[in-house]
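Note sheet for the following structure.
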Amino acid sequence: MGGLAGSCHPGPVVAVTTLMAALAVTAGQSAGRCVLTAAVLTGQLSVGWCNDAFDARRDIAAGRRGKPVVDGTVGATEVWVAAYAALALCVPLSFACGLWAGAVHLAGVAAAWAYDLRLKATAWSWAPYAVGFAVLPAFVALGLPGQLWPAWWVVTAGALLGVGAHLGDVLPDIRGDLATGVRGWPHRLGPDGARLLLPVPLVTAYVVLALGPAGPPGRWGVAEPAVAGPVAAAGTVLGRRRQRAAFAAAVAVAVVDMALLLLRGTGIA
């Protein structure tokens with residue numbers, strides 16, 4: 001069980017599930033938010049387990065210590081079983097939130113599986129992240145009474161956050177990935193190109209979140225650039241010597257974006 005917990009990519013699983021639960025609350029979803037949270041959790045678990053199971057041979061060959069499959073605490077077969085079991089649970093849980101809501105969420109999960117199984121090593125590696133993050137707020141909006149379509153700005157911001165998450169996720173391991181034959185979009189940009197581009201989608205997402213909804217951006221929308229802008233710039237500069245600094249700065253800007261998304265939650269549909 002410990003090996004399975006470690007191989008599901010627990011950090012992203014907890015972060016995405018918690019964010020979606022909070023967004024469901026701020027958007028005004030009540031009765032269905034527990035089912036929605038369970039659907040997101042099972043979807044994220046299936047994606048994380050699929051990733052580790054599919055990469056098991058390459059990770060073992062590269063000697064990537066710290067991964068449960070590589071360390072021998074769990075076998076690849078067990079991880080595959082867990083991935084398919086989580087996916088099987090995700091389907092009815094998603095449709096329990098509504099037909100359109102379920103279809104949209106499962107489209108995002110399918111995009112994430114496509115990334116794990118094929119697109120990770122192609123120039124289109126950014127697309128599943130963009131789709132996966134864009135459908136999450138749409139899943140919340142379509143689960144509201146009346147099944148309202150999400151506002152354009154929340155879908156756009158979600159897609160931009162997804163692109164930024166892809167760059168940030170790959171950047172710390174980009175050289176190791178290249179050594180094992182992975183050539184996704186960030187790898188083709190190279191470490192410096194990926195580092196310089198990393199803050200762009202995240203800061204753009206902030207602009208969309210601040211200016212997209214009708215009405216004035218409010219004091220938080222005006223004040224947050226004073227935080228996001230300098231942090232992004234500092235991360236880009238410091239990242240020349242330490243890529244972890246660029247990654248940490250990107251995480252900080254993403255947190256600011258997510259905070260603004262939650263503040264805007266009541267208008268996502």
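Residue numbers start at 1 and run along the sequence shown.
Note that NZ of Lys120 is 10.0 Å distant from NE2 of His166, once rounded to the nearest 0.5 Å. Once rounded to the nearest 0.5 Å, the distance linking CG of Leu19 with CG of Leu161 reads 9.0 Å. Atom CG of residue Leu189 and atom CD1 of residue Ile174 lie 7.5 Å apart, to the nearest 0.5 angstrom. Expressed to the nearest 0.5 Å, how far CZ of Phe139 lies from SG of Cys97 amounts to 4.0 Å. From Thr17, atom OG1 reaches atom CG of Leu41 across 4.5 Å, with rounding to the nearest 0.5 Å. Here the straight-line distance linking atom OG1 of Thr18 with atom CG of Leu23 works out to 12.5 Å at 0.5 Å rounding.
Ring centroid separation for the pair Trp126 and Phe133 does not come in under the 6.0 Å cut-off.
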Using side chain to side chain contact (heavy atoms under 4.5 Å, CB included), reason through Leu202 and Leu160 one step at a time and then give a plain yes or no.
CA-CA 6 Å; Leu202 298 175; Leu160 289 166; over 6 Å; no
Test Leu36 against His105 for side chain to side chain contact (heavy atoms under 4.5 Å, CB included), laying out the working first.
CA-CA 10 Å; Leu36 179 144; His105 181 240; over 6 Å; no
Stepwise, does the side chain to side chain contact (heavy atoms under 4.5 Å, CB included) test hold for Val140 with Leu136?
CA-CA 7 Å; Val140 173; Leu136 289 173; over 6 Å; no
Test Trp185 against Leu119 for side chain to side chain contact (heavy atoms under 4.5 Å, CB included), laying out the working first.
CA-CA 10 Å; Trp185 175 57; Leu119 296 179; over 6 Å; no
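Across Ala205 and Ala157, no two heavy atoms sit closer than the pair CB-O, 3.9 Å. When all heavy atoms of Ala76 and Ala53 are compared, the closest pair comes out as O-CB, 4.1 Å. Closest of all the heavy-atom pairs between Ala194 and Pro186 is CB-O, 4.1 Å. Looking at every heavy atom in both residues, Gly143 comes nearest to Ala101 through N-CB, 4.1 Å. Shown here for Ala83 and Cys50, the closest heavy-atom pair between the two residues is CB-N, 3.7 Å. Taking both residues in full, the closest heavy atoms of Ala86 and Trp49 are given as CB-CZ3, 4.0 Å, listed atom of the first, atom of the second, then distance.
Following chains of ILVMFWY side-chain contacts shorter than 4.5 Å, one cannot reach Trp80 starting from Val74, and the two form parts of different hydrophobic clusters. In the hydrophobic cluster analysis, where Ile, Leu, Val, Met, Phe, Trp and Tyr join through side-chain heavy atoms closer than 4.5 angstrom, Phe54 is grouped apart from Val13. Under the 4.5 Å side-chain heavy-atom criterion for ILVMFWY residues, no single connected hydrophobic cluster contains both Trp113 and Val135. When the side chains of ILVMFWY residues are joined at heavy-atom separations under 4.5 Å, either directly or via intervening members, Trp124 and Val163 end up in a single hydrophobic cluster. Val109 and Val131 fall into different hydrophobic clusters, defined by Ile, Leu, Val, Met, Phe, Trp and Tyr side-chain heavy atoms under 4.5 Å apart, directly or through other members.
Ser7 contributes a side-chain N or O that, together with a main-chain N or O of Leu4, makes up a donor-acceptor pair within less than 3.5 Å. Within the 3.5 Å criterion, the main-chain N or O of Ala38 finds a donor-acceptor partner in the side chain of Thr42. Here the side chain of Thr73 pairs a donor or acceptor atom with the backbone of Pro68 at under 3.5 angstrom. The main-chain N or O of Arg188 is never found under 3.5 Å from a side-chain atom of Arg183 such that the two would form a donor-acceptor pair.
Tyr115 is not listed as a side-chain neighbour of Val47, based on a closest heavy-atom distance of 4.5 Å or more.
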